[in-house]
**Student:** 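This is the structure I have questions about; it appears just below.
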Amino acid sequence: MTLPGWLERGLADLFPHAADQRNQSLSARLAAAQQADRPLRVKLGIDPTANSIHLGHTILYRKLRAFQDAGHTAVVIIGDFTARIGDPTGKSATRPRLDPREVEENARTYLEQLGPILDFATPGRLEIQRNSTWLAKLDLGQVIRLLGTATVGQMLAKEDFANRYGQGTPIALHEFLYPLLQGYDSVMVRADVELGGTDQKFNVAMGRDLQRCFGQPPQFGLLMPILTGADGVQKMSKSLGNTIGLREDPLTTYSKLEKVADAVVDDYVTLLTDLDPAALPRDPRQRQKAMALEVTASLHGREAAQQAQAAAAALVLTPRSSSTSAAQVPEIRLASIWDWSTPIPAYQLLHGVFKTRAGVTSASEARRRIQGGGLRLDGEKITDPKAAFARETLEGKVLQLGKKTFCRLVA
RNA sequence: GGGUCGGUGCCCGAGUGGUUAAUGGGGGCGGACUGUAAAUCCGCUGGCUCUGCCUACGUUGGUUCAAAUCCAACCCGGCCCA
């Protein structure tokens with residue numbers, strides 16, 4: 001028995017695999033579900049410890065959507081309770097605990113960003129659960145039962161714990177609880193399949209153990225690759241600063257995608273689009289562009305993506321006002337950054353315009369960037385941080401920081 | 001609980017009384033080059049109302065003209081013992 005193409009696309013790992021004889025395979029469970037006219041329950045946990053989603057996350061949501069489109073039920077679990085522990089996976093230190101209000105806020109913005117990806121509309125295709133619903137009610141006896149299902153040896157066999165233990169970095173006891181609670185979520189929602197990144201293998205496997213322990217058929221673990229960030233080497237992660245966020249404007253999204261390392265372009269195509277990699281242009285530069293266009297389109301719509309592509313070309317090739325005037329770039333209102341009773345010094349302008357998006361977090365940082373030659377106004381390089389600009393001389397012009405960050409100044 | 005070692009900037013890691021905003025490396029950012037890539041070279045990498053001022057080496061006090069560097073208490077961590 002083979003798996004449908006939509007399911008197999010991009011898969012990093014599926015367990016138990018059909019070859020592991022004694023359990024029935026996923027394709028068998030799919031068939032059985034179809035025969036019984038019962039959709040599979042596909043679990044995906046959201047860790048609401050951050051407030052924005054980046055492209056790396058969408059790999060999982062796209063797969064979840066594929067299940068929805070095949071008629072199955074997506075069970076999205078908001079880990080509002082487990083967020084208080086913090087997933088130790090991949091972490092080299094105990095994480096600070098978040099307060100519930102923050103968690104709630106994160107969950108809200110998270111779901112908002114998922115709007116374009118998941119099917120929220122079709123009845124029966126989406127369930128949203130908060131794991132505090134059941135986890136907050138566990139009493140000590142039940143916790144002890146959970147703790148009894150795993151051993152210290154198993155926990156220490158987990159790579160992150162092993163590393164931390166080996167290096168002498170602290171591991172708090174409650175961190176051992178995280179995999180167990182995530183597994184217990186699978187029990188509570190009676191998951192048939194759990195989706196996760198390859199780094200989630202341990203936690204997903206734990207879900208199988210717990211389900212078996214609670215007399216349920218164990219779920220299948222379906223793991224997707226971790227997306228490599230723009231640098232092409234490290235995983236895409238907020239803390240590494242190599243992310244492409246879902247809330248970024250189309251031009252920024254496109255610009256970042258277009259300069260992704262060659263080695264990962266094909267991964268992006270497989271994991272973030274429905275295109276056939278073989279159908280793309282051979283030339284690496286053209287290939288990058290095609291990928292960037294398609295991915296941007298999947299997030300912002302085709303029209304916005306095409307505009308972004310045109311704008312990117314215009315801005316880079318001829319960074320002059322004649323061509324940029326036609327380009328669509330994010331805008332910022334001058335009134336929002338200065339009172340204009342006096343002309344604004346260049347470094348204040350830079351600080352005011354880009355502090356929220358390009359990491360110009362201080363006026364000193366702005367000075368440095370200008371001194372380093374990274375600032376242009378309508379293509380004209382500005383080198384003196386103190387050069388002053390009156391409001392009238394700025395209206396309608398494009399401020400450029402580095403090669404890929406642009407902003408149009410409007411009244 | 002006892003013993004011992006340790007806590008420095010985004011990360012690692014020098015520095016044990018006085019040009020120290022603090023050597024070096026990594027990462028990041030910018031510039032040149034290029035394919036808006038990679039590689040390479042160069043610059044930057046605490047804050048501000050910036051020819052100066054302010055804040056910083058776990059925390060709080062103390063000694064001193066002067067401390068990341070000395071003393072005390074406390075907090076946190078590793079290892080060994082219980």
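Naming: A, B, ... by sequence-line order, numbering from 1 per chain.
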**Student:** Can you tell me how far C1' of B:C50 sits from NZ of A:Lys386, to the nearest Å?
**Tutor:**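 The answer, rounded to whole Å, is 7 Å.
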
**Student:** Identify, between A:Gly373 and A:Lys289, the residue whose nearest nucleotide on RNA chain B lies closer to the 5' end.
**Tutor:**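 The answer here is A:Gly373.
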
**Student:** Under a 3.5 Å threshold, yes or no: a donor from one side chain and an acceptor from the other, between A:Ser186 and A:Gln219?
**Tutor:**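 A donor-acceptor contact under 3.5 Å links the two side chains.
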
**Student:** Write down the distance separating the C1' atoms in B:U4 and B:U19, rounded off to the nearest Å.
**Tutor:**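 Between the two C1' atoms, the distance is 38 Å.
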
**Student:** Let me know the distance between CZ of A:Arg368 and P of B:A21, rounded to the nearest Å.
**Tutor:**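 From A:Arg368 CZ to B:A21 P: 16 Å.
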
**Student:** In terms of side-chain heavy atoms of A:Arg376, which of B:G78, B:A32, B:C48 is nearest?
**Tutor:**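 Selected nucleotide (nearest to the side chain): B:A32.
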
**Student:** Can you find an N or O donor on one side and an acceptor on the other, under 3.5 Å apart, linking the side chain of A:Asp262 with the base of B:G35?
**Tutor:**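 Such a pair is found, so the answer is yes.
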
**Student:** With rounding to whole Å, what would you report as the distance between B:C74 and B:C81 at their C1' atoms?
**Tutor:**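 These two C1' atoms come out 24 Å apart once rounded.
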
**Student:** I need the CG-P distance between A:Asn163 and B:C12, as an integer number of Å.
**Tutor:**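 The answer, rounded to whole Å, is 15 Å.
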
**Student:** I'd like the C1' distance from B:A68 over to B:U20, given in whole Å.
**Tutor:**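 One C1' to the other, the span is 9 Å.
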
**Student:** Going by an N to O cut-off under 4.0 Å, is there a salt bridge joining A:Asp384 and A:Lys386?
**Tutor:**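 Between A:Lys386 and A:Asp384 there is no salt bridge, as every charged N stays at least 4.0 Å from the carboxylate O atoms.
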
**Student:** Check every atom of B:G35, B:C50, B:C79 against the side chain of A:Pro284 and return the nucleotide holding the closest atom.
**Tutor:**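 The listed nucleotide nearest to A:Pro284's side chain is B:G35.
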
**Student:** On RNA chain B, nearest-nucleotide positions of A:Gln309 versus A:Ala363: which is more 5'?
**Tutor:**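 Closest to the 5' end, via its nearest nucleotide, is A:Gln309.
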
**Student:** Any base atoms under 4.0 Å from A:Gln348, or only sugar-phosphate, or nothing? Heavy atoms, all strands.
**Tutor:**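 Sugar-phosphate, no base atom in range.
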
**Student:** Taking CZ from A:Arg164 and C1' from B:G78, how many angstroms apart are they, rounded to a whole number?
**Tutor:**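 Value for this atom pair: 14 Å.
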
**Student:** Taking the basic N atoms (NZ, or NE/NH1/NH2) and the acidic carboxylate oxygens, is any pair closer than 4.0 Å for A:Asp274 and A:Arg62?
**Tutor:**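 Salt bridge between A:Asp274 and A:Arg62, a charged N being under 4.0 Å from a carboxylate O: yes.
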
**Student:** Could you measure between the two P atoms, the one in B:C53 and the one in B:A22, and give it in whole Å?
**Tutor:**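 Nearest-Å result for B:C53 against B:A22 at atom P: 15 Å.
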
**Student:** Quickly work out the A:Asp384 CG to B:C50 C1' distance and round it to whole Å.
**Tutor:**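 Value for this atom pair: 13 Å.
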
**Student:** Charged N to carboxylate O under 4.0 angstrom, A:Glu104 versus A:Arg130?
**Tutor:**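 The answer is yes: the pair qualifies as a salt bridge.
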
**Student:** Return yes when atom OH of A:Tyr165 has more than 12 non-hydrogen atoms of other residues, nucleotides or ligands closer than 6.0 Å, and no otherwise.
**Tutor:**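 No, OH of A:Tyr165 has 12 or fewer neighbouring heavy atoms, counting only those of other groups under 6.0 Å.
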
**Student:** Which nucleotide in the list B:G31, B:G78, B:C44 gets nearest to the side chain of A:Lys381?
**Tutor:**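 So the nucleotide nearest the side chain must be B:G31.
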
**Student:** What is the distance from CE of A:Met236 to P of B:G28, rounded to the nearest Å?
**Tutor:**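 Between P of B:G28 and CE of A:Met236: 14 Å.
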
**Student:** Is the shortest side-chain heavy-atom distance between A:His72 and A:Leu30 below 4.5 Å?
**Tutor:**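 SC-SC contact between A:His72 and A:Leu30 confirmed.
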
**Student:** Would you indicate what A:Tyr254 reaches in the nucleic acid, counting non-hydrogen atoms under 4.0 angstrom: base, sugar-phosphate, or nothing?
**Tutor:**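 A:Tyr254: no heavy atom of the nucleic acid under 4.0 Å.
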
**Student:** Strictly below 4.0 Å: does A:Ser364 bring a side-chain N or O up to OP1 or OP2 of B:G46?
**Tutor:**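 Answer no for this pair, as no side-chain N or O of A:Ser364 is under 4.0 Å from OP1 or OP2.
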
**Student:** How many Å lie between CD on A:Gln400 and P on B:G31, as a whole number?
**Tutor:**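 Taking CD of A:Gln400 and P of B:G31, I get 8 Å after rounding.
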
**Student:** OP1 or OP2 of B:C48 less than 4.0 angstrom from a side-chain nitrogen or oxygen of A:Tyr347, does that happen here?
**Tutor:**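 Answer no for this pair, as no side-chain N or O of A:Tyr347 is under 4.0 Å from OP1 or OP2.
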
**Student:** Return the nucleotide paired to B:A72: Watson-Crick means purine N1 to pyrimidine N3 with N6-O4 or O6-N4, wobble means G-U with N1-O2 and O6-N3, both under 3.5 Å.
**Tutor:**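 Base partner found: B:U60.
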
**Student:** Under a 3.5 Å cut-off for both contacts, is B:G18 paired Watson-Crick or G-U wobble with anything, and if yes, with which nucleotide?
**Tutor:**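 Across all strands, the one nucleotide that pairs with B:G18 is B:C65.
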
**Student:** Please give the nucleotide sitting opposite B:C50 as a Watson-Crick or G-U wobble pair, both distances under 3.5 Å, or none.
**Tutor:**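 Pairing partner, where one exists within any strand: none, as none qualifies.
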
**Student:** Taking atom P in both B:C48 and B:C41, compute the distance separating them and give it to the nearest angstrom.
**Tutor:**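 Looking at atom P only, B:C48 and B:C41 are 32 Å apart.
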
**Student:** Look at atom CZ of A:Arg285 and say whether more than 12 heavy atoms of other residues, nucleotides or ligands are closer to it than 6.0 Å.
**Tutor:**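 Check passes, neighbour count above 12.
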
**Student:** Does A:Gln371 make a side-chain N or O approach to OP1 or OP2 of B:G31 shorter than 4.0 Å?
**Tutor:**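 False: A:Gln371 side-chain N/O out of range (4.0 Å or more) of B:G31 OP1/OP2.
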
**Student:** Does a salt bridge link A:Arg164 with A:Glu175, judged by any charged N lying under 4.0 Å from a carboxylate O?
**Tutor:**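 A salt bridge links A:Arg164 with A:Glu175.
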
**Student:** Quick one: look up who B:U34 pairs with, Watson-Crick or G-U, both distances under 3.5 Å, and put none if it's unpaired.
**Tutor:**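 Pairing partner, where one exists within any strand: none, as none qualifies.
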
**Student:** Assess whether one donor atom and one acceptor atom, taken from the side chain of A:Arg367 and the base of B:C50, lie less than 3.5 Å apart.
**Tutor:**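 Answer yes: a donor N or O sits under 3.5 Å from an acceptor.
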
**Student:** Mind checking the P distance from B:C33 to B:U45? Whole angstroms is fine.
**Tutor:**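 The answer is 24 Å between these two P atoms.
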
**Student:** If you compare every side-chain N and O of A:Ser362 against the phosphate oxygens of B:G46 (OP1, OP2), does one of them come in below 4.0 Å?
**Tutor:**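 Answer no for this pair, as no side-chain N or O of A:Ser362 is under 4.0 Å from OP1 or OP2.
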
**Student:** In whole angstrom, give me the gap between the P atoms of B:U23 and B:G9.
**Tutor:**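 It comes out at 13 Å once rounded to the nearest Å.
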
**Student:** Closest to the A:Lys259 side chain: B:A37, B:C50, B:C79?
**Tutor:**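 Ranking B:A37, B:C50, B:C79 by closest atom to the A:Lys259 side chain puts B:A37 first.
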
**Student:** Decide yes or no, distance alone: a donor-acceptor N/O pair under 3.5 angstrom between the base of B:G35 and the side-chain of A:Gln288.
**Tutor:**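 In this structure, the two groups form a donor-acceptor pair.
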
**Student:** Distance check, C1' atoms only: B:C10 and B:C57, in whole angstrom units.
**Tutor:**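 To the nearest whole Å, 15 Å.
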
**Student:** Mind calculating the distance between CG (A:Leu375) and P (B:C44) to the nearest angstrom?
**Tutor:**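 Distance, rounded to whole Å: 19 Å.
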
